Amino acid sequence: MSRLIKVDGLAADHWTRLEKPVDGKTVEVPEGNVIVPLSVWLAQRDRLEARDDIGVWFDSDEEPEALGIDCRRFPVIAVNFPKFTDGRGYSIGRLLRERYGFRHELRAVGDVLLDQLFYMKRCGFDAFVLREDKDINKAAKCLEFFSEAYQAAVDQTAPLFRRRERTVTEEAGEVAFA
Amino acid sequence: MYVYDEYDRKILNDRVKQFRDQTQRYLAGELSEEEFLPLRLQNGLYVQRLAPMFRICVPYGMLRSEQLRRLARITRDYDKGYAHFTTRQNIQLNWPKLEEVPDILAELAEVEMHANQTSGNCIRNTTTDQFAGVNADEVVDPRPYCEIIRQWSTYHPEFAFLPRKFKIAVNAAPGSDRAAIQVHDIGLEIVRNDLGELGFRVYAGGGLGRTPMVGPVIREFLPELDLLTYLEAMVRVYNRYGRRDNKFKARIKILVKALTPEVYAEKVEAEWAHIKGSPTRLTPEAIERVKAYFNEPNYQTLDDEPAELVEPRNGSRPFANWLKRNVKPHKKAGYAVVTLTLKETGVPPGDVYDWQLEKIADLADEFSFSEIRVTHEQNVVLADVRQKDLYRLWEMLKTAGFATPNLGLLTDIICCPGGDYCALANAKSIPVAEAIQRRFDDLDYLYDLGDIDLNISGCMNACGHHHVGNIGVLGVDKKGEEYYQVSLGGSSQRDATIGQILGPSFARDQMADVIDKIVKLYVETRTAEERFIDTFRRIGIQPFKERVYEPAH
Ligand code: SF4
């Protein structure tokens with residue numbers, strides 16, 4: 001059964017993820033929807049460019065700068081969390097979304113547990129491959145733990161201090177613009 | 001003081017519910033130890049030698065009397081009737097039950113308190129000068145900026161899993177640095193530039209612990225409105241490039257040193273260039289909104305030196321002593337800043353009983369607009385006391401045991417919980433503090449010695465800030481025995497310095513003698529008006545070495 005969750009619920013997974021090649025080896029990228037390691041994309045770009053069924057994945061020590069705005073071409077990008085305590089993936093997510101304008105599916109893979117889903121969502125992830133042993137039915141609740149947040153992030157581009165201001169100005173609005 | 005609005009309340013209540021759910025899943029076996037660990041740490045709960053410990057946040061050291069009363073009740077209902085003021089301006093319970101922590105959090109939330117990010121690899125409680133807002137010598141009140149940073153850093157989605165813990169401190173007093181900003185991951189000094197505009201001098205990469213370092217300046221002037229975007233850039237660079245392979249090399253200080261401060265600063269500037277204009281940029285209105293919570297209380301128009309103060313001062317030497325040590329001038333005429341000392345000999349530094357918390361709350365209501373501050377020296381401050389009330393207050397403090405006039409003196413020891421409570425300790429720290437307090441019990445002698453910071457940590461983690469004590473004591477393990485290493489010349493003030501190690505370590509029962517020798521050499525060598533630290537800086541460590549290690553005759 002698919003372990004894929006999207007922000008709006010369980011989803012079927014149409015993608016396979018290709019492991020990183022062992023040092024120095026070239027890998028054969030199979031037919032069909034494949035998410036390839038960043039290094040494979042960079043090495044085989046000429047061959048893969050024509051295909052529209054290719055996604056890439058970043059490991060936590062890889063840099064979104066390696067693709068820059070070129071990331072926008074992919075229907076899906078995955079970011080690997082090798083350990084759930086490795087927080088680099090959150091920065092990668094935000095950079096892909098906020099700096100490089102990636103608009104398609106951004107999925108969290110690897111050591112993806114329930115209690116980090118909310119933060120991942122805030123950092124721009126909209127798909128999550130939950131680790132095997134975690135109860136997929138609890139994901140929806142964990143994605144919505146908080147109804148408000150202080151900071152600006154991908155899901156809420158105005159920090160709370162700007163929204164508070166707005167409430168204040170709206171209240172004062174009639175007087176101000178009368 | 002900041003008061004929650006509906007947003008703050010909603011966020012905090014969601015947090016309480018979230019942690020209840022997480023605790024239940026942990027108890028049901030759905031979350032492993034390892035998975036639960038960062039979740040509970042970020043809610044203040046860590047497991048120590050004897051029991052779980054629970055660290056409650058006191059944002060930038062401010063508390064209201066109702067909050068103190070609630071804390072007192074919590075220590076009674078969920079613990080053994082006492083709490084501990086830490087060296088990080090937090091409050092710790094030593095014996096809570098894990099299953100009850102969600103209930104404690106719910107009780108705290110009712111009075112706008114929490115344990116957010118008081119532990120774990122995330123941005124911790126932002127700290128500042130305990131005299132903020134009442135200090136005549138300050139550019140502006142730093143607390144609104146601390147509150148702004150608190151909100152930004154609370155559950156920051158990108159920075160909940162940093163390589164290591166991350167501490168920010170703010171100072172706004174040009175003449176002093178009670179917040180010790182240069183030994184923090186980020187230190188912010190509020191300054192005005194040549195045009196009179198407000199901003200921050202930014203330090204990064206300071207810290208204590210295993211590799212103590214004084215943080216370099218990475219930006220001379222950061223305009224006020226850019227505070228949060230710049231912090232976001234600084235922490236993002238750290239989150240991406242800080243080491244994660246070795247927990248002892250994971251603090252930002254190691255990154256700053258490895259890259260050099262210049263290169264770290266360049267990376268931050270490059271990152272910041274992308275986000276400085278983002279919605280995270282502060283607005284004057286947002287700052288004003290927070291500032292409004294820190295407006296001056298209703299001060300009366302009073303004169304300095306009223307008869308109610310002068311007369312008893314002339315008549316009572318103990319009162320005069322207490323005034324000299326524990327009372328500081330206030331920016332408003334007729335007011336004074338009073339420090340209650342929690343360092344009575346025989347009581348572990350920073351420990352307070354429930355009835356003492358309630359007593360402090362009553363005193364705050366009666367004498368100081370219902371507010372108190374906690375200090376990183378583990379004392380409590382009533383910041384707005386009328387001078388004419390000082391004598392009456394002193395009488396009451398004496399009865400409660402809060403008037404030991406030893407503030408800043410040798411026996412006002414900063415001390416971590418050490419081996420009595422802490423699983424990481426190499427050695428006990430509290431008995432060493434007590435032995436020294438017992439040896440130096442002559443107040444006249446202590447006054448004569450003047451300002452000496454003595455700081456004790458039970459291990460390299462340096463919770464007792466031993467590196468920056470004028471005299472620092474560090475518990476070490478020597479073939480399974482508890483030993484103590486002494487360092488001299490540290491300072492956490494504006495002239496932040498890391499102490500130098502004196503030499504081979506000592507057994508516990510030697511410690512009072514060692515301190516005695518150090519202090520005697522100082523007394524013999526000092527020039528008039530020279531503080532311990534000044535004498536040390538003049539003569540260096542060598543004479544102290546010789547004195548302490550000279551063979552007994
Ligand atoms: S310094 Fe060491 S012994 Fe003391 S509280 Fe910190 S970790 Fe524990």
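Below, read A as the first sequence line, B as the second, and so on, with proteins coming before strands; counting in each chain starts at 1. Note that the coordinates shown come from a computational prediction; the quantities given were computed from them, not determined experimentally.
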query: What do you reckon, is CD of A:E28 surrounded by more than 12 foreign heavy atoms closer than 6.0 Å?
result: no
- request: Measure across B:L39 and A:Q116 and return the closest heavy-atom pair with its distance rounded to 0.1 Å.
  value: CD2-NE2, 3.9 Å
- prompt: Under 30°, 30 to 60°, or over 60°: which ring-plane class applies to A:Y90 and B:F161, parallel, tilted or perpendicular?
  reply: parallel
query: When rounded to the nearest 0.5 angstrom, what is the spacing between CD in B:Q22 and CG in A:L114?
result: 10.0 Å
message: Is the shortest side-chain heavy-atom distance between A:K138 and B:E30 below 4.5 Å?
response: yes
task: Ignoring hydrogens and angles, tell me if any N or O in the side chain of B:K17 forms a donor-acceptor pair with the backbone of A:F146 under 3.5 Å.
output: no
query: Are any of the side-chain nitrogens in B:E232 or A:R94 under 4.0 Å away from the carboxylate oxygens of its partner?
result: yes
- request: Considering non-hydrogen atoms only, spot the tightest contact between A:D133 and B:E35 and give its length.
  value: OD2-OE2, 4.5 Å
- prompt: Taking C-beta and beyond as the side chain, do B:E158 and A:R88 meet within less than 4.5 Å on heavy atoms?
  reply: no
query: For B:E271, is it the side chain, the backbone, both, or neither that has a heavy atom closer than 4.5 Å to a heavy atom of chain A?
result: both
field: Under 4.5 Å from a heavy atom of chain B, the part of A:D86 involved
entry: both
task: Mind listing the closest non-hydrogen atom pair of A:F161 and B:A286 along with its distance?
output: CD1-CB, 3.6 Å
task: Name the region of B:E288, side chain, backbone, both or neither, that has any atom closer than 4.5 Å to a heavy atom of chain A.
output: neither
Interchain contact, A:L95 with chain B, by part (heavy-atom threshold 4.5 Å): side chain
- prompt: What distance separates A:L160 CG from B:I11 CD1, expressed to the nearest 0.5 Å?
  reply: 5.5 Å
Selection from A:E98, A:K121, A:K141 maximising heavy-atom pairs under 4.5 Å formed with chain B: A:K141
- prompt: Taking all non-hydrogen atoms of both residues, which atom of A:P159 and which atom of B:P279 are closest, and how far apart?
  reply: CG-O, 3.2 Å
task: Give the C-alpha distance, both sets of side-chain angles, the deciding distance and a yes or no for salt bridge (Lys or Arg N to Asp or Glu O under 4.0 Å) between B:R244 and A:D61.
output: CA-CA 10 Å; B:R244 290 172 182 269; A:D61 61 351; over 6 Å; no
task: Output the distance between atom CZ (A:R162) and atom CZ (B:R281), rounded to the nearest 0.5 Å.
output: 8.5 Å
field: Portion of B:R25 that has a non-hydrogen atom of chain A nearer than 4.5 angstrom
entry: side chain
- prompt: How far apart are the C-alpha atoms of A:E148 and B:R9, what are their side-chain angles, what is the distance that settles it, and do they pass the salt bridge (Lys or Arg N to Asp or Glu O under 4.0 Å) test?
  reply: CA-CA 10 Å; A:E148 260 304 338; B:R9 270 193 295 274; over 6 Å; no
Which portion of A:E62 sits near chain B, non-hydrogen atoms under 4.5 angstrom: neither
query: Relative to chain A, which segment of B:R240 carries a heavy atom at a distance below 4.5 Å: side chain, backbone, both, or neither?
result: both
- prompt: When only pairs under 4.5 Å are counted, which of B:L162, B:I275, B:T280 shares the most heavy-atom pairs with chain A?
  reply: B:T280
Check: A:Y150 ring centre within less than 6.0 Å of B:Y155 ring centre: no
- prompt: Has the side chain of A:Q151 got a donor or acceptor atom that lies under 3.5 Å from a matching backbone atom of B:T154?
  reply: yes
field: From CZ (A:R164) to OG1 (B:T283), nearest 0.5 Å
entry: 11.5 Å
Side chain, backbone, both or neither of B:N13 within contact of chain A (heavy atoms, under 4.5 Å): neither
- request: Keeping the roles fixed (side chain from B:N239, backbone from A:G87), state whether a donor-acceptor pair exists under 3.5 Å.
  value: yes
task: Look up atom OH in B:Y238 and atom OG in A:S91, then write down how far apart they are to the nearest 0.5 Å.
output: 12.0 Å
- prompt: For the atom pair CG (A:D115) and CZ (B:F19), what is the distance rounded to the nearest 0.5 Å?
  reply: 10.0 Å
query: For B:I287, is it the side chain, the backbone, both or neither that has a heavy atom under 4.5 Å from a heavy atom of chain A?
result: neither
- prompt: Of the listed residues (A:S147, A:A149, A:A152), which shares the most heavy-atom pairs with chain B below a 4.5 Å separation?
  reply: A:S147
